[in-house]
Amino acid sequence: MADKNPDKGYVAILGWSLNAIDAIDRFDRRYVIVAPPWAEEYAKANDIPFIAWDFDRLNERSHQIAQILKDEGCDVAIPLYEETVEWAGAINSVLLGNPRLLGQSMLFRDKSLMKRRAQLAGIRVGIFEEADNHADVIRFLKRVNQTLLKLDGDVNDPIHFKAFDKAGCLGHRTIRTVEDVDSISSDEFPALLESHLDGWEFAVEAWIKNGKIQFLNISEYVTLGYSVFVPATPELESWRTKIEAEINKLIEAFEIDSGFIHPEYFVTSDGTMYFGEVAYRPPGFNALELIERAYGFNGYQGIVLAFDPKTTQEELDAFFPTPVKDAKGYAGCFGAYPRRRVVEHMQIPEETEKHPYFEFHELSQPMEQKVTKRTAFGTHWGLVYFFGDDPHRLRDLLKAQEELDFYV
Amino acid sequence: MTGAEHGGEPERLAAILEGALSRLEQARPFAKARYQTQVLDVAGRLLACPDGIDRLHALAPRIDAAGIFVGSDWDAPANLLPGLVSGTLEWGTPTAVAAEAISLLRLLAVAEGQAQHPTIHAAAARRFLTQVLALNLRRFFGATDEATRATAGRQGTIEALLRYLVDHVGFQDVTGELVTEIWRILRQRPIQVAHVKDMISQIAITLRDRGSDIGDKRLGADRLVSALFGPTIACMDDPGLGPYCERLAAMDENDLRHEAQGLARAMHDTGLVSDYHAAFLLWVLDTDHDGLAPEALGLGNTGRDCWRCHRGLAIELIRRAVRPETAQALYGLSLLLDRGILHHPPIVPALRRQLALVPCPPVAERLSAAALHAVPPADLLLAGCIMVLGQPLGVGQGANPTCQSARAIAMWALNDPDYLLHLVAQAARLDTVSMHFEGRAIDSADLPAGLAAGAPLDADPVSVVLVHHLDRIYAEMGRLCADRSGDPHIWINPEFHGWWVGRACAVAVDVPTGALAGIEDFVGRFHAAYHPAFNGGEPVTHPQPAGIAATDAGGRFVGWHAITILRVAPDQDDEMRVYFYNPNNDSGQDWGQGVVVSTHGSGERPGEASLPFELFTSRLYLFHEDRLRPDTANRPPADVLARTADLARHSWSAGRDEIGGDAITRLASVEST
């Protein structure tokens with residue numbers, strides 16, 4: 001463990017992530033990992049401060065873990081996963097003496113409630129509806145396309161289907177036809193249905209302290225579920241002021257005092273910004289790593305800073321760089337997925353390997369030769385990392401990867 | 001790739017590697033795995049670039065220290081097997097190839113003194129590289145054409161890497177050291193010689209292609225090659241077994257006698273048996289020339305006597321166990337006959353039982369797997385029994401953490417051969433072994449696995465059949481005395497090995513605390529028990545198990561290790577030495593502080609290791625004695641005790657607490673609970 005500063009906060013990390021633990025262990029805050037009992041032995045063997053807790057169900061025992069952490073002397077709880085967000089809300093309502101935090105966390109956990117809350121606060125959202133079953137999905141698909149004056153037989157505009165309480169791309173499907181609806185299994189309901197917006201999709205990572213944005217990163221998606229890079233192109237970055245205003249609306253609407261949020265937006269061609277969803281936890285798809293590669297600071301350590309009630313403004317100012325200006329270059333990654341039905345081995349395409357922006361990959365050799373059909377976004381087989389100084393070249397390069405075979 | 005187009009590629013990759021490497025360095029031990037693949041990916045690509053190998057050579061120690069090998073076998077370089085390297089390079093995933101390359105290059109850095117490694121020293125690293133290179137000689141002689149080298153791809157990279165290593169280690173050195181190394185290993189007369197044969201085959205090819213480059217080691221190399229491929233005039237040109245037998249058919253009795261003597265001489269010279277030798281012996285039996293068999297076996301007086309008394313049995317053993325695939329059994333049989341153990345009443349019937357024995361299916365399966373299905377399991381096991389009984393000290397543990405089991409097999413083969421055959425028969429028939437611990441029956445089939453996960457496959461056939469049973473029983477005996485205070489070997493050793501193990505036991509370590517305890521008294525007691533000048537000139541009658549605190553060449557503690565004390569005697573320079581058996585595969589080791597274990601030239605018999613008495617004592621932490629002599633009658637002077645104790649204090653017990661007073665002594669009787 002790095003030297004810990006006793007004058008700073010003591011944070012409880014909810015969830016098990018070696019990346020996060022590694023980063024936090026190297027940081028100056030005291031910490032304890034709260035995670036399921038299966039991790040306990042490993043934690044003990046590696047001297048990782050640990051409290052075993054089963055997060056499966058929020059129940060009457062949630063007060064118990066809050067009390068344990070309070071007795072332990074923890075100042076705040078930080079959720080790592082979607083599943084631990086409401087636990088963090090429940091615990092922090094005790095640790096920070098603010099009962100509203102639990103209700104707030106529930107908003108983050110329910111995609112439909114979240115959208116309504118945003119809508120009530122005057123944030124623009126697309127057309128959406130809850131679905132409890134397959135019939136709801138078909139009705140929504142038809143209605144959206146009727147609105148668009150499509151005739152029977154025209155190609156439908158797609159709709160998006162997102163399982164209520166799954167993180168990010170997991171459980172996110174694009175639906176174009178009734179057959180697509182059939183492939184949804186019943187356990188994915190209830191779900192949120194959204195109309196499709198043609199436009200620029202991007203995500204934001206925002207570190208917040210005292211209701212103020214401390215650092216805001218814009219992650220530009222090249223293709224949702226495949227590729228992303230940071231910082232964004234100058235074209236998208238030109239919206240930064242407007243984006244910050246949108247984030248401030250979210251901070252107000254969700255009464256966020258401190259922490260880290262990860263919302264997604266669309267900008268349509270006419271410049272209208274639509275709110276997609278927001279998560280109160282670190283993003284998937286290794287966005288924090290890309291940010292570290294581009295800016296040099298560790299996102300997890302930043303999250304600890306943002307959550308810790310004992311963090312000072314001076315610390316924050318020293319920790320976070322100036323967006324875009326301080327970036328050493330553009331970092332992107334591509335999630336590779338086999339394009340063939342049967343594959344033998346992983347092989348980096350020569351044009352990728354020889355490209356000056358290519359850094360390294362984390363693709364593994366296939367365990368099975370037969371490739372199952374990709375059902376949702378985000379189920380890639382591993383990431384390929386790029387870094388360079390021209391954002392447009394990087395964007396085109398990431399796009400080009402989609403046409404290459406990483407598994408042959 | 002063309003140089004001009006990718007001139008900046010190595011630069012660029014080196015920069016990326018630097019980033020990935022520093023992330024790996026920063027990562028906590030538990031998070032290393034996350035960053036290993038990145039480093040290996042970039043390193044693998046850098047390897048294929050011009051100058052890439054040079055750059056990785058410079059970085060390798062840092063990459064190693066950063067934790068690239070955490071969680072993999074490469075993390076313990078002293079345990080790596082040279083024979084596995086080419087397979088990984090050739091067939092491994094790109095990540096494994098990169099890891100192997102980095103491992104070789106960090107060993108090169110250690111061998112050349114540019115870096116240090118906590119668990120392997122320069123000489124061992126160099127020896128490892130030499131063996132790897134020796135096993136792959138053809139790869140850098142095969143491609144004489146520089147153009148083929150430039151055809152890149154994996155083969156090009158591997159060849160470039162091996163050539164890089166040989167340029168640094170030195171070609172003459174590789175073959176020269178290899179020859180010396182092979183002779184050094186062969187003098188210990190191991191049973192397992194497959195890897196030695198592989199290396200000699202490589203040398204044979206080298207001699208043919210580049211004979212003149214090898215220098216003054218040529219003679220020793222020639223002898224090795226001829227012993228395997230052409231030990232006599234009739235097979236000097238390596239004609240193949242068919243033509244050879246045709247030549248034999250054309251010889252007269254006198255020529256055949258010369259042939260028999262030549263074959264036997266080559267065998268006893270090297271410990272290696274040529275396929276021609278096996279073919280010759282079978283041929284003489286098939287053609288009514290069996291009068292030549294004792295000659296072909298190279299028997300001495302005792303052996304000839306045994307042959308005369310038990311000719312029928314010996315011939316049956318040859319017909320079943322000796323064939324080109326198991327040629328080494330011929331050497332085992334020769335030594336078995338010369339040991340005279342056929343005169344020991346139970347041995348002949350026990351061998352007859354072995355001849356008739358059919359291993360049960362799971363045992364047969366393991367034997368077949370170990371022999372690559374080349375020999376019927378029953379015959380392989382018979383050959384294994386012959387080899388172990390002929391060369392008890394040739395038993396090795398392979399790459400398995402089972403020194404106690406290997407030691408026990410060797411001890412029984414030496415001292416209690418009929419008991420060993422009894423265990424083999426039990427294990428082969430029933431796939432279980434029963435023993436007793438303080439009156440309590442233990443059956444290995446009922447026990448969970450011990451130190452070895454499964455049966456070893458890289459060991460001799462007897463070990464293949466027995467070791468995992470012995471290992472389980474040993475572990476069970478450990479469990480049965482887990483609640484006793486003191487080193488469990490106090491009770492296990494006599495129960496496990498046999499009645500002859502001394503029932504009193506001295507231990508220099510306080511087990512609960514790990515502290516060094518009563519070391520000077522311990523040294524004195526060992527002198528009084530084993531040193532002829534202090535014990536009334538009494539020789540060691542039976543092999544005694546003992547515990548060694550193994551140290552590396554820097555004198556740093558490596559681990560506890562099981563050995564057998566065989567005898568204590570003065571060498572030709574009148575220096576009193578302990579001769580002992582070490583179940584690891586190569587006893588010649590440098591234990592630091594000038595404690596260099598000798599295997600040849602100080603009066604050792606084949607398979608024995610030796611050290612001067614005091615130096616041996618400095619690494620000893622546990623021994624057995626029978627306490628039949630008056631205690632403390634005769635002890636070495638205080639300066640000997642202090643000197644020896646200091647060697648222990650400054651090597652394996654550095655950093656341990658020390659408790660004064662008498663050494664811990666216990667009698668191996670059941671403790672009252």
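Model, not experiment: these values are computed from the prediction. A, B, ... follow the sequence lines: proteins, then strands. Residue 1 opens every chain.
The minimum heavy-atom distance between Arg12(B) and His355(A), with the atom names listed, is NH2-O, 3.3 Å. In this structure, Tyr42(A) and Phe30(B) approach most closely via the heavy-atom pair OH-O, 3.3 Å. Shortest non-hydrogen contact noted between Asp22(A) and Gln26(B) is OD1-O, 4.4 Å. The two residues Glu362(A) and Thr37(B) come nearest to each other via the heavy atoms CG-OG1, 4.3 Å.
Note: Ala27(B) leads Ala27(B), Ala20(B), Ala31(B) in heavy-atom pairs under 4.5 Å with chain A.
More than 12 heavy-atom neighbours from other residues, nucleotides or ligands sit within 6.0 angstrom of CG on Asp390(A). Enclosure of atom CH2 in Trp91(B) is not indicated, since only 12 or fewer non-hydrogen atoms of other residues, nucleotides or ligands lie within 6.0 angstrom. Within 6.0 Å of the NZ atom in Lys44(A), the count of heavy atoms belonging to other residues, nucleotides or ligands does not exceed 12. Within a 6.0 Å sphere centred on CG of Asp73(B), heavy atoms belonging to other residues, nucleotides or ligands number 12 at most.
Of the atoms belonging to Glu289(A), it is side-chain heavy atoms, and not backbone ones, that fall under 4.5 Å from chain B. At a 4.5 Å heavy-atom cutoff, Ile348(A) makes no contact with chain B through either its backbone or its side chain. The contact between Glu353(A) and chain B is made by backbone and side chain atoms together, counting heavy-atom distances below 4.5 Å. With a 4.5 Å cut-off on non-hydrogen atoms, Arg34(B) touches chain A through its backbone and its side chain both. For Gln365(A), the part sitting under 4.5 Å from any heavy atom of chain B is the side chain, from C-beta outward, and nothing else.
Interatomic distance, NZ of Lys32(B) versus CG of Leu18(A), reported as 13.0 Å (0.5 Å rounding). Interatomic distance, CZ of Phe360(A) versus CG of Leu40(B), reported as 12.0 Å (0.5 Å rounding).
A donor-acceptor contact shorter than 3.5 Å links the side chain of Asp41(B) to the backbone of His361(A).
Side-chain contact between Arg45(B) and Lys354(A): absent, with no pair of heavy atoms (C-beta onward) separated by less than 4.5 Å. Looking only at side-chain heavy atoms (C-beta outward), Pro94(B) and His345(A) stay at 4.5 Å or farther from each other.
Considering Leu17(B), Val42(B), Ile16(B) as possible partners of Glu359(A), the one that fulfils the side-chain contact (heavy atoms from CB on, under 4.5 Å) test is Ile16(B).
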